[in-house]
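This one's a predicted model, so the numbers in the text were calculated from it and none came from an experiment. Residues take their numbers from the sequence shown, with the count starting at 1.
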Amino acid sequence: MPFVPVLRAEWTKVRTLRSLYGALLAVFAATTAFSAVAGVSDTSDPEFDPLFMALSGVTPGQIAAISFGALAMSSEYHGHAIRISLAAVPRRGRWFAAKLTAVALPALAVGLAGALAALLAARAGLGPAASGLSAAEQLRGVVGCGVYLTLMALFAAGLTALLRSGTATLSLMIPFVLIVSFVIGDLAGGLTDFLPDRAGQVVLHESYDGSVGPWTGLAVTALWTAAAVGAGAWRLRRSDV
């Protein structure tokens, strides 16, 4: 079966499953709402970063993106639905690529829309505190936020394919990005610049002084994502369904 019909079928699954539709709405809502609230925060802190404050909704937004990726992939393992999918598309690599594309495209679209809405809402609250942001910095922040959320969704999808469990993926990734990464960050110094969440979020800062820059940081996150996707593809090819 050609790739386009396979992609169309996988997109239909994303569009019609309520849990996936709800997760995408949560990505937009969380990213926008939490950034809007942050827009009325105290700006007197000498380390205040107006760009990151305007896009700080990425913290809850990434949880929704991770959930979307994990749910999209784990839905195939409920009731052995993956057997039907692979019976229709025997070439497992083609099916996996279509599944990942069906995760990436809506995640990117919703991530970009949420980041733009978050920036506009937060800037209205920050007022003069955000007036120093250049157009290039704001564009970098919006595009970087959308790409980062997409990478985290794909990371979760790849890990779910490896573990064959959305619950296991969420149990690992959500505590990691909310707790473990920050704890390690306080203990390990510059090594944490290369963790997937910390590296990817550098693009959301107006200024940065760590080991990686904005686009380099996203590249680090992309490498983590590629490793998870590669491991998931290996499990899919090697294991029975």
Qualifying residue for side chain to side chain donor-acceptor pair (under 3.5 Å) with Ser85, from Glu76, Arg92, Lys99: Glu76
Side-chain donor/acceptor of Asp49 to backbone N/O of His205, under 3.5 Å: no
Least distance between heavy atoms, Leu170 atom then Pro175 atom: O-CD, 3.4 Å
Heavy-atom side-chain proximity of Glu206 to Phe52 below 4.5 angstrom: no
side-chain contact (heavy atoms from CB on, under 4.5 Å) between Asp193 and Val202, worked out: CA-CA 9 Å; Asp193 291 345; Val202 173; over 6 Å; no
Least distance between heavy atoms, Ala118 atom then Leu55 atom: CB-CD2, 4.4 Å
Ala156 to Ala70 - nearest heavy-atom pair and separation: CB-N, 3.8 Å
Result block: side-chain N/O donor-acceptor pairs under 3.5 angstrom for residues 19-34, not counting sequence neighbours:
| residue | atom | partner | partner atom | Å |
| --- | --- | --- | --- | --- |
| Thr31 | OG1 | Val27 | O | 2.7 |
| Thr32 | OG1 | Phe28 | O | 2.9 |

Ala122 backbone acceptor or donor facing Ser35 side chain under 3.5 Å: no
Heavy atoms from other residues, nucleotides or ligands near CH2 of Trp215 exceed 12 (cutoff 6.0 Å): yes
Residue pair Thr150 / Gly146: nearest heavy atoms and the distance that separates them: OG1-O, 2.8 Å
Cluster link Trp11 to Val4, ILVMFWY, side chain under 4.5 Å: no
Thr216 (side chain) donor-acceptor with Val212 (main chain) under 3.5 angstrom: no
Residue pair Trp95, Leu86: steps toward the side-chain contact (heavy atoms from CB on, under 4.5 Å) verdict: CA-CA 7 Å; Trp95 174 82; Leu86 294 181; 4.0 Å; yes
Phe96 side, atom CZ; Arg237 side, atom CZ - distance, nearest 0.5 Å: 10.0 Å
Nearest heavy-atom neighbours spanning Gly111 and Leu149: CA-CD1, 3.9 Å
Glu10 and Thr101, any side-chain heavy atoms less than 4.5 Å apart: no
Hydrophobic cluster membership, Leu139 vs Leu204, 4.5 Å side-chain cutoff: yes
4.5 Å side-chain heavy-atom contact, Ile82 and Leu236: yes
Any side-chain heavy-atom pair of Phe68 and Met73 under 4.5 Å: no
Residues, nucleotides or ligands: over 12 heavy atoms within 6.0 Å of Arg235 CZ: yes
Polar side-chain atom of Trp224 near backbone of Phe194 as donor-acceptor pair, under 3.5 Å: yes
Closest non-hydrogen atom pair between Leu51 and Val203, with its separation: CD2-O, 4.3 Å
Side chains of Phe176 and Asp197 in contact at under 4.5 Å (non-hydrogen atoms): yes
Within-4.5 Å side-chain heavy-atom neighbours: Gln138 and Arg123: yes
side-chain contact (heavy atoms from CB on, under 4.5 Å) assessment of Val14 paired with Val103: CA-CA 8 Å; Val14 172; Val103 170; 5.5 Å; no
Close side-chain approach of Met152 and Thr221, heavy atoms under 4.5 Å: yes
